[in-house]
Protein chains: 2
Amino acid sequence: MAKIKRNRNGTRKDVIIAKAAKLFREKGFSATSMRDLAEHVGVEAASLYNHISSKAEILQEICFKTANNFMSHIEEVDATPNKTAIEKIQAILRFHIKQMLDNYEEVYVSDREWKHLTDPYLSNMQSQRRAYRQRIASVIEEGIRKGEIKPIDAPTAVLIMLHAVSGIESWHRSKKKIPGELLEDNMVQILVDGLRKQV
Amino acid sequence: MAKIKRNRNGTRKDVIIAKAAKLFREKGFSATSMRDLAEHVGVEAASLYNHISSKAEILQEICFKTANNFMSHIEEVDATPNKTAIEKIQAILRFHIKQMLDNYEEVYVSDREWKHLTDPYLSNMQSQRRAYRQRIASVIEEGIRKGEIKPIDAPTAVLIMLHAVSGIESWHRSKKKIPGELLEDNMVQILVDGLRKQV
DNA sequence: AAATAGCGCTAACAATTGTTAGTATTTTAT
DNA sequence: ATAAAATACTAACAATTGTTAGCGCTATTT
């Protein structure tokens with residue numbers, strides 16, 4: 001069998017991970033076998049192990065790459081001066097939506113399949129997710145204090161935001177897609193107008 | 001080993017399905033083995049087959065019971081006269097939240113694991129889910145026509161609503177839970193105020 | 001009391017799982 | 001051209017998978 005074709009700027013490991021992300025999204029981590037993955041990569045199962053050390057490692061790479069991605073972004077947003085809480089929330093929301101549109105497979109997988117990580121990665125991911133939600137909640141609470149946002153329960157608002165965005169998977173599968181920008185505007189409008197205090 | 005203890009008004013099959021729902025939620029359908037399930041039921045794996053015919057059947061029962069539950073409710077809501085679109089949306093939302101709180105395991109599982117159904121159940125479930133979303137979208141479009149709801153993309157709104165509600169899983173796991181009613185009010189407020197036209 | 005049905009057990013099955021060892025082949029570096 | 005490094009292959013492994021067969025105990029019905 002021929003070698004794994006790698007694109008420019010990408011290792012063969014990257015190819016494997018990308019294919020794995022697609023399969024993990026479609027069938028779930030547990031229901032995806034290494035022989036399954038190998039077939040889609042165009043190689044025998046054993047050959048995969050020249051590039052990765054285990055099935056678990058693939059999930060780890062997907063999850064932590066994505067998590068770090070989101071974490072760096074929120075740190076950046078939070079550090080930007082002269083931004084209202086509403087603006088910060090909008091920036092976070094738009095980033096989530098954009099990530100979901102651009103890196104669909106990996107974002108989706110890391111959101112739904114991280115439970116199949118094993119310790120110590122599992123605990124690590126759990127606290128990373130907790131910390132991330134906490135940061136958003138803090139922005140919302142800041143907005144409430146400043147009178148920009150209605151006095152609602154901040155964790156509930158975070159929960160709604162994050163899960164609403166993850167719903168883009170349905171949109172992705174939908175036949176009659178609306179354009180990406182329109183989707184983004186609609187989501188931000190619906191969610192943020194629910195947050196904004198009505199004066 | 002002793003027999004499976006069944007509660008009043010419940011068959012032994014019901015006990016198995018309830019335990020399975022819990023495990024399917026925690027570990028996913030594929031990652032849950034029949035021996036795993038048997039252990040939690042307090043019986044050997046083979047004994048399960050005196051009550052169910054296959055692992056697949058368990059998932060089918062969970063998914064279709066839940067789906068029918070939601071479908072009957074929306075039909076009921078839709079048939080109620082003298083209800084504004086906003087009121088209908090609120091009723092649907094509150095029902096979802098209540099179901100999520102009362103039948104957590106089964107609702108969660110049927111939402112996240114239905115992909116592991118096999119045909120013909122898979123196709124059946126797919127069209128049932130599509131039909132359900134379509135009904136909600138129709139209510140929203142009705143609301144838009146009547147001027148109750150902002151002119152947003154109805155499928156997007158449905159997507160946000162349904163996924164926001166499914167986020168209650170996070171709440172379920174949360175240490176510092178706010179009371180169920182408060183959660184419900186917060187969610188409905190945030191989501192519906194985002195929908196309601198500002199006059 | 002006898003017959004029947006319900007339900008548990010052990011043992012086993014074929015298939016599939018992730019992974020390793022050892023070897024051959026192809027690419028890269030010298 | 002030769003040596004070295006990558007990377008593919010085949011074959012096999014032990015463990016786990018869902019499920020069935022067959023047997024025996026126990027509760028229910030006759």
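Numbers restart at 1 for each chain; the letters A, B, ... are given by sequence-line order, proteins then strands.
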Exercise for the section: Specify the separation, in whole Å, of atom NE2 of A:His51 and atom C1' of D:dA5. Expected result: 13 Å
Practice task
Scan A:Leu191, A:Ile152, A:Val165 and name whichever one has a side-chain contact (heavy atoms from CB on, under 4.5 Å) with A:Ile160.
Solution key: A:Leu191
Handout entry: Sequence-distant partners of B:Glu76, side chain to side chain donor-acceptor pair (under 3.5 Å), two or more places apart
Key = none
Exercise for the section: Tell me which nucleotide among C:dC9, D:dT7, C:dT20 gets nearest to the side chain of B:Ser47. Expected result: C:dC9
Practice task
Using only heavy-atom distances, decide whether a donor-acceptor pair under 3.5 angstrom links the side-chain of A:Asn50 to the base of D:dA8.
Solution key: yes
Exercise for the section: Provide, to the nearest angstrom, the distance between the CG atom belonging to B:Leu48 and the C1' atom belonging to C:dT10. Expected result: 15 Å
Practice task
Output all residues satisfying salt bridge (charged side-chain N to carboxylate O under 4.0 Å, His left out) with B:Asp119, sequence neighbours left out; order by chain, then residue number.
Solution key: none
Problem - Those residues of residues 52-59 of chain A lying under 4.0 Å from DNA chain C by at least one heavy atom - result: A:Ser54, A:Lys55
Handout entry: D:dT17 phosphate, OP1 or OP2, under 4.0 Å from B:Ser33 side-chain N/O
Key = yes
Completion exercise
B:Leu23 atom CG is separated from D:dG18 atom P, nearest whole Å, by 12 Å
Using nucleotides 11-15 of chain D, report all nitrogen or oxygen pairs with the protein that are shorter than 3.5 Å.
residue: D:dA12; atom: N6; partner: A:Arg35; partner atom: NH2; Å: 3.4

Handout entry: Partner residues of B:Ser138 under the side chain to side chain donor-acceptor pair (under 3.5 Å) criterion, sequence neighbours left out
Key = B:Gln134
Exercise for the section: Looking only at side-chain atoms of A:Val43, point me to the closest of D:dT19, C:dT17, D:dA8. Expected result: D:dA8
Handout entry: Integer-rounded Å distance: C:dA11 P and B:Tyr49 OH
Key = 19 Å
Check residues 58-68 of chain B and write down every donor-acceptor pair under 3.5 Å in which the side-chain atom is one partner and the other belongs to a residue at least two apart or another chain.
residue: B:Glu61; atom: OE2; partner: B:Lys13; partner atom: NZ; Å: 3.0
residue: B:Lys65; atom: NZ; partner: B:Glu106; partner atom: OE1; Å: 3.2
residue: B:Thr66; atom: OG1; partner: B:Ile62; partner atom: O; Å: 2.9
residue: B:Asn68; atom: OD1; partner: B:Gln128; partner atom: NE2; Å: 3.1
residue: B:Asn68; atom: ND2; partner: B:Phe64; partner atom: O; Å: 3.0

Problem - For A:Arg35, all residues meeting salt bridge (charged side-chain N to carboxylate O under 4.0 Å, His left out), sequence neighbours excluded - result: none
Practice task
Figure out the CG/P separation between B:Asp36 and C:dT17, and round it to whole Å.
Solution key: 18 Å
Exercise for the section: Mind grabbing the angle between the end helix axes of the helix from C:dA1-D:dT30 to C:dT30-D:dA1? Five pairs an end, 10° rounding. Expected result: 20°
Problem - Spacing between B:Leu37 atom CG and D:dT16 atom C1', to the nearest angstrom - result: 16 Å
Problem - All salt bridge (charged side-chain N to carboxylate O under 4.0 Å, His left out) counterparts of B:Asp78, not counting sequence neighbours - result: B:Lys88, B:Arg135
Practice task
Check every strand shown and say whether A:Ser30 touches a base, only sugar-phosphate, or nothing at a heavy-atom separation below 4.0 Å.
Solution key: nothing
Handout entry: Length of the line joining B:Glu44:CD and D:dC25:C1', which is rounded to integer Å
Key = 16 Å
Exercise for the section: Could I get the full list of side chain to side chain donor-acceptor pair (under 3.5 Å) partners for A:Lys83, not counting sequence neighbours? Expected result: none
Handout entry: Residues A:Glu184, A:Lys98: salt bridge by 4.0 Å N-O rule
Key = no
Problem - Nearest non-hydrogen partners of B:Leu122 and B:Leu117, listed with the distance - result: CB-O, 3.7 Å
Exercise for the section: Output every pair passing ring pair (Phe, Tyr, Trp, His ring centres under 6.0 Å) with a member in residues 67-87 of chain A, not counting sequence neighbours, ordered by first then second residue. Expected result: A:Phe70-A:Phe95, A:Phe70-A:His96, A:His73-A:Phe95
Problem - Residues which pass side chain to side chain donor-acceptor pair (under 3.5 Å) with A:Asp153, listed by chain and number, not counting sequence neighbours - result: A:Thr156
Problem - Between P of C:dG18 and CD of A:Glu39, the distance in whole Å - result: 14 Å
